[in-house]
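See structure below.
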Amino acid sequence: MKKHNFYAGPSILSQYAIDKTVEGIRDFAGTGLSVLEISHRSKEFQAVMDEAQALFKELLDIPEGYEVVFLGGGASTQFCMVPYNLLKTKAAYVDSGTWANKAIKEAKLFGEVEVVASSKEDNYVYYPKNFTVPADADYLHITTNNTIYGTELREDLDVNVPLVADMSSDIFSRPVDVSKYALIYGGAQKNLAPAGVTFIIIKKDILGKVDRAIPTMLNYQTHIDKGSMFNTPPVLPIFTALQTLRWLKEEIGGVKEMQRINEEKGACLYDAIDNSRMFVGTTHVDSRSLMNVCFVMKPEYKELEKDFLEFATSKGIVGIKGHRSVGGFRASLYNALPLESVKVLVDAMKEFENNH
Ligand SMILES: *Cc1c(COP(=O)(O)O)cnc(C)c1O
């Protein structure tokens, strides 16, 4: 049976990226070797790195003065690298969910942290907006998509201090005005590649302003200077990331078109939730994420949640069990998930509702 993959991360990749990765594992760039067993300093792998960085810049229209870096360690290591490299005395953070909270915890190791807005008291059901950022903050940190709670900030903020964003779960889902950011980072395993690589888009002139000594591996400058090859980079995830970027450019037609498709998918599922007698969304409407759609059953049907999960599984629907901090269901509609899969889910919801 065809599977419809709604996992929140690691998550669905395009068939194109999977097929090209399999090809590269068997025979990489005509070398007669696998991409798994070749030097990262070979000219063939250097070409992969160069093209991946170039496509990042092209697809997101990244201006001059920025560098794209690929590292290990996951987005969670960025929670510490960001303040290590950028926090002099004080940083501002928006507490919009679990991941933002973890970033705040790390930043406190390096200096004063001012949480300028938080929706924690309301179990993060909305994206906190309308806050002011102290002018003396070294940067403002935001998490654009809250993977666990299903809220998203789908716009680029204008702020008076350097803006840093965790875009782990919505990178390439919409055009981004990179010029408004000092740094954007994310783990690759939601919208780009298998787990193991982290991308960082960094404005070079924000570095070199802190006085503390920074360990070599945690210093962004090290990796900029060495083109992400200071040490062995996560070769295979970078190779797959390149295939995803090619897919995005050639098969989808760019990030603007990706956004249109994502809006169509989101509308399809949210309409079904809004028109349902049984299901209800968990977030405020104006904060709804197009990447992670969280919903539960209304109190009078609550005991049917387990049955619906089983019913969905019987239709090939995988990965919609909600995160334990929200419960119910979470359908992740990442870039590679086709509209067809969303329709299968919506049909399953309607059929289940008719049966009960
Ligand atoms: C998944 C996720 C993370 C954690 O990423 P790791 O690569 O596992 O460290 C951080 N932030 C957001 C928004 C995420 O979705």
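Just follow the structure's listing: the first ligand is 1, and inside any ligand the first atom is 1. Computed from heavy atoms alone, side chains included, the values below leave out hydrogens, waters and symmetry copies. Nothing fancy with the numbering, it's 1 onward along the sequence.
- Within 6.0 Å of NZ on K20 lie no more than 12 heavy atoms contributed by other residues, nucleotides or ligands.
- Between F279 and F352, the ring planes are tilted. Angles from 30° to 60° get that label.
- Heavy-atom proximity to F79, at under 4.0 Å, picks out these atoms of ligand 1: 10 (C).
- For K190 and W99, the positive end sits near the middle of the six-membered ring, less than 6.0 Å away and at most 45° from its axis.
- At distances below 3.5 Å, at least one donor-acceptor pair connects side-chain atoms of E353 with backbone N or O atoms of R277.
- In this pair, F329 and F295 present their aromatic rings tilted. The plane angle is within the 30 to 60° band.
- The ligand atoms of ligand 1 that sit less than 4.0 angstrom from a heavy atom of T143 are 13 (C).
- For Q189, the heavy-atom gap to ligand 1 drops under 4.0 angstrom.
- Of all atoms in ligand 1, numbered sequentially from 1 with element shown, those under 4.0 Å from a heavy atom of G74 are 7 (O), 9 (O).
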Would you sort out whether V68 and I62 count as a side chain to side chain contact (heavy atoms under 4.5 Å, CB included), showing the intermediate values? CA-CA 9 Å; V68 176; I62 299 177; 3.9 Å; yes

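- Scanning the protein heavy atoms around atom 1 (C) of ligand 1, the nearest turns out to be K190 NZ, 1.3 Å.
- Nearest protein heavy-atom contact of atom 11 (N) of ligand 1 is D166 OD2, 2.6 Å.
- The single protein non-hydrogen atom nearest to atom 5 (O) of ligand 1 is A75 CB, 3.5 Å, given as residue, atom name and distance.
- Contacts between S76 and ligand 1 below 4.0 angstrom, taking non-hydrogen atoms only, involve backbone and side chain alike.
- Of the listed residues (T147, D170, T144, T77), the one carrying the non-hydrogen atom nearest atom 15 (O) of ligand 1 is T147.
- Separation of the F239 and F28 ring centroids falls under the 6.0 Å cut-off.
- The main-chain N or O of T151 is never found under 3.5 Å from a side-chain atom of S289 such that the two would form a donor-acceptor pair.
- Contacts with ligand 1 closer than 4.0 Å are made by no heavy atom of Y185, backbone or side chain.
- Those atoms of ligand 1 that come under 4.0 Å of a heavy atom in N145, given as number and element, are 13 (C).
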